[in-house]
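This report concerns only the one structure given below.
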Amino acid sequence: MSNADTLRRLALDSLSPSQRHAAVWDPERPLQILAGPGSGKTRVLTMRAAWLVLGDADRRPIKPENCVVVTFTNRAAREMRSRISAYIGPSMTDRLLLGTFHALCVKFLRRYGRLVGLANNFTICDSDDSIRIIKGVIEQQADMLKESGVTIKAEEARTEISRAKARLQTAEAFRKACPNAPGNMDRHTAMANVYKDYELYLRGSKACDFDDLLLYAERLFCLHPGVCSKIEHVLVDEFQDTNAIQYALMQRLSAASGRVSIVGDPDQSIYSWRNAEVSNLEKMVHDFSGIKRIYLEENFRSTGAILDASLKVVQQDRMRINKGLYTAQAEGAPVTFRTFDTELEETEYVALEIERQMQLARPMLRYADFCILLRFNALSRGFEAALRRRRIPYRMLGGQQFFDRVEIKDLVAYLRVLDNPAYAPGLLRILNVPKRGIGKATISAVSGLASAQRIPIYSVLEQISARTSELSVHGRALYGIDTFVSVMNKLRERVQQGLSVNELLTCVIEVTEYKTYLEREGDFASRWENVRELLTFAALCAGDDEREELYLPPKRTKLDPEEQEEEPTPLRTFLESSALATDRTDDDTNDKVTIATCHAAKGLEWPIVFVAAVEDGTFPFYRSTTPEMIAEERRLLYVAMTRAASNLYLCSTKRRMMAGEWRNQKVSMFVTPLIPCSRGGTGLSAPTKTDAVMWCFTSPLIQDFLHTTARILQRSVPSEEVLQQNRIEYKFSDTCTSLDKLDACRNAALQWRSEMGNVGLPSKSGFLSALNSLGSAALQHGSNLGMRSTHAAPADLQQSHGHRRSMSSTTQNASSAAPQAHPLARFTSNNTAPQRKRALGMH
DNA sequence: ATCCTTCCGATTTTT
DNA sequence: TCGGAAGGAT
Ligand SMILES: Nc1ncnc2c1ncn2[C@@H]1O[C@H](COP(=O)(O)OP(=O)(O)OP(=O)(O)O)[C@@H](O)[C@H]1O
């Protein structure tokens, strides 16, 4: 048992007593670990998995291939894999049934799918193709829809169908069920019809959408429990975000053993829009007898200040059951809250603050220590621009980016159709790509005939090409179809020859003259670059990079005498990973700032986190209407805030361009109660530590908290000499100058507005030119504008002078008596003793 | 069939 | 602001 001993020595000892208690809890009893953010849930779950497969003195180990570890996202799966691997080594980890719900289900379906009526070459239909199908269905039903006076948008239909599927609701059941929005029976019926035909179309295409993967697997496990009866333990991460189908899957997978361990946190439930049901936590108590609940209350991630602010946000939820959560970490730097005029300054500030932190703490911090969290992807634009301007490397997390590119989708569609000729959405996608003169009219005639005669679309095309079709196609279109059919035949031959995916792709590009096509289409360089990347990805897939693969052990018993023992072809493996993979370009090796949505950040952590656009309309999102939706938005902010370990910044703007128009933004309702009235919030004017958050409204000191940051990061604090040098260099840096400018303009604008009775602000262009025209001379002014306390640079510089400021000291004097002039004009004429100079002079 | 312009409408979150 | 849809010219 040396393995188990090793685990005990190296790993179990790194857990706190209550964590260890949970990790080695009796495997025969179902276990729920409920705990707040940063309490080490993932650490405990991974350790438990390791402990289960390594065994213990008085307990035999379970086989890794009989141990299921499911996560919600690919990223979580990867994280899980690497953590477990650290405990039990890669070869044992590879044997685990570890992956997302979807990946796990696909593996079973590839092997046993025929037991539930799935061809083994079924294609996974991504949302794009789903939309394509639904558009076709809606078009076909256009008359009916017009009659009932209902309009249905494809995207709406897709989400509604997806939600129905998450509830295990078939088209028929959906029709019978009450409409979600009561009173609109026509629409509900119409939707049910779309759902029904969508299903027919999928089946005809031998395709499964994402939800089908789970539904079919559930049916498989239900009808043929033998396929998963060997499973000895099921572990589920982020359980609060499971929906009905996922819960059902968990039940089926554990039907034989009854052994499950889950971790979750009701306060971090942020997927109810996807039909996640927190109530599954309670349901589980009923469904699994003898279940044990263990609570963990110590947060190991964040500083006291961060945890305090986060808890004060989430505790505003009156319906919430309060749970204990404390940290042994130091209080750390206060949470920074800043409001800017527009997105331009907000994003600029974040970029500059990243630079300031890095410069003052050099060489302790790296770009990868920073993360910018967004409510939705579209907000990334501004940040990307700002980071690029400052030449700060960054990466976007989540957002299907790579496989969403048109050129990638086109090529992958060719492969899909080669693997499964019946896959209609793919076929329709590529039929006229590159352009072959096959237009809308021809396409709808062909697919009309196909559905009327109940034959696959590609058969119709073949008939047309063989001139045996009743459909008359002429001229360019006919020639185009001929070309397409011969292209596909050529490629199919290649598939027979057993080419590698990489070679096959090269063939596709060659035979279709895709490169020429891209050259004509424009933006060639970057699109071709993407194609190259796809080729690389294909090559990687083919290599023995099996570690990311979920591997199902060889069957011992045949459940169906008919079934052939067929290993998935490389092509199929490739198509699977391209359909289920979300995050491609994860060069963890590179040092980059992360930009991510709050959802994508779930389960992750960074030393320094900026949350952007903490405004009403964003947090909560303006489409949240019900109290439940608002509560979820609050939890989302909570999740975002609790990603931070050492420093947390909340940013907001006063005006934001949304839907093409400027909107006046208010600070998020989740935060205003925590801000004193004197600062524009609705909180107490004289806040105390217990009832308010001690925000920093300026730029947080860095030096004072370096040791806390260092301790959290387990890095060493730079020496005093280095720090001194950093301060000097920072002072002369462009970062410092620019931060000063930003603050100067902000104050100027603030004051100007208060003087002008809040009538308006300098126009954007005026503002920008003001920014630019503010030369270094102008930077040395502004003491009577209340700039002193908002100055970023002097804050740290003053320390060495012995000056100390309260962190929450403010700029209350902004409206001191001043001439009625444009503030920027005064800026350039004013000539008061500058802070900056003073700071410079001190050495 | 394709290319071009014009107009409209609307912005979540993920597998 | 921008991307998609719809409509018109070639
Ligand atoms: N016993 C411990 N001692 C020291 N550090 C720990 C301990 N347990 C967990 N941590 C650290 O705390 C951080 C949070 O752990 P983990 O990600 O497992 O928490 P979590 O509960 O899954 O968080 P969340 O719910 O926010 O995703 C990690 O950096 C982890 O290494």
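Throughout, protein chains are lettered first and strands after them, A, B, ... in sequence-line order, and every chain is numbered starting at 1.
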From [atom1] of [X] over to [atom2] of [N], roughly how many Å is that when rounded to an integer?
| X | N | atom1 | atom2 | result |
| --- | --- | --- | --- | --- |
| A:Phe403 | B:dT15 | CZ | C1' | 14 Å |
| A:Ile124 | B:dT14 | CD1 | P | 19 Å |
| A:Glu633 | B:dT13 | CD | C1' | 9 Å |
| A:Asn377 | B:dA10 | CG | P | 20 Å |
| A:Asp209 | B:dT15 | CG | P | 15 Å |
| A:Leu374 | B:dT14 | CG | C1' | 16 Å |
| A:Leu215 | B:dT15 | CG | C1' | 13 Å |
| A:Arg274 | B:dT14 | CZ | C1' | 5 Å |

Which residues pass the side-chain contact (heavy atoms from CB on, under 4.5 Å) test with [X], not counting sequence neighbours?
| X | answer |
| --- | --- |
| A:Val639 | A:Gln268, A:Ile270, A:Arg643 |
| A:Ser82 | none |
| A:Ile443 | A:Leu428, A:Leu431, A:Ile438 |

(request) By nearest nucleotide on DNA chain C, pick out whichever of A:Glu661 and A:Lys135 is the more 5' one. (result) A:Glu661

(request) Please determine if A:Arg656 and A:Glu661 form a salt bridge, counting it only when a charged side-chain N lies under 4.0 Å from a carboxylate O. (result) no

(request) Could you pick out which residue, A:Thr73 or A:Arg375, lies toward the 5' side of DNA chain B when each is mapped onto its nearest nucleotide? (result) A:Arg375

Within the structure shown, what part of the strands sits under 4.0 Å from [X] by heavy-atom distance: base, sugar-phosphate, or nothing?
| X | value |
| --- | --- |
| A:Arg635 | nothing |
| A:Phe619 | nothing |
| A:Phe101 | nothing |

(message) Taking only the P atom of each, what is the distance from B:dT12 to C:dA5 in whole angstrom?
(response) 15 Å

(message) Can you check the distance between B:dT14 and C:dG3, where both ends of the measurement are the C1' atom (answer in whole Å)?
(response) 22 Å

(message) Quick one about A:Glu384 and A:Ser380 (side-chain donor to acceptor, distance below 3.5 Å, no hydrogens or angles considered), yes or no?
(response) yes

(message) Please pick, from B:dT12, B:dT15, C:dG3, the nucleotide with the shortest atom-to-atom distance to any side-chain atom of A:Phe621.
(response) B:dT12

(message) Counting only side-chain heavy atoms from C-beta out, which of C:dT1, B:dT15, B:dT13 sits nearest to A:Trp273?
(response) B:dT13

(request) List in chain and number order the residues that pass salt bridge (charged side-chain N to carboxylate O under 4.0 Å, His left out) with A:Asp128, two or more places apart in sequence or in another chain; answer none if no residue qualifies. (result) A:Lys409, A:Arg429

(message) Looking at A:Ser127, I'd like to know whether one of its side-chain N or O atoms comes within less than 4.0 Å of OP1 or OP2 on B:dT15.
(response) no

(message) For a 4.5 angstrom cut-off between non-hydrogen side-chain atoms, does A:Leu571 reach A:Thr573?
(response) no

With 3.5 Å as the limit, what N/O pairs link the protein to nucleotides 1-3 of chain B?
residue, atom, partner, partner atom, Å
B:dA1, OP1, A:Gly439, N, 2.9
B:dA1, OP1, A:Thr442, OG1, 2.8
B:dA1, OP2, A:Ala441, N, 3.4
B:dA1, O4', A:Arg476, NH2, 3.3
B:dT2, OP1, A:Gly437, N, 3.1
B:dT2, OP2, A:Asn432, ND2, 3.3

(message) Applying salt bridge (Lys or Arg N to Asp or Glu O under 4.0 Å) as the test, list every pair that has at least one member in residues 431-444 of chain A; sequence neighbours left out.
(response) A:Lys435-A:Glu521

(request) Ignoring hydrogens and angles, answer whether the base of B:dT12 and the side-chain atoms of A:Arg623 contain a donor-acceptor pair closer than 3.5 Å. (result) no

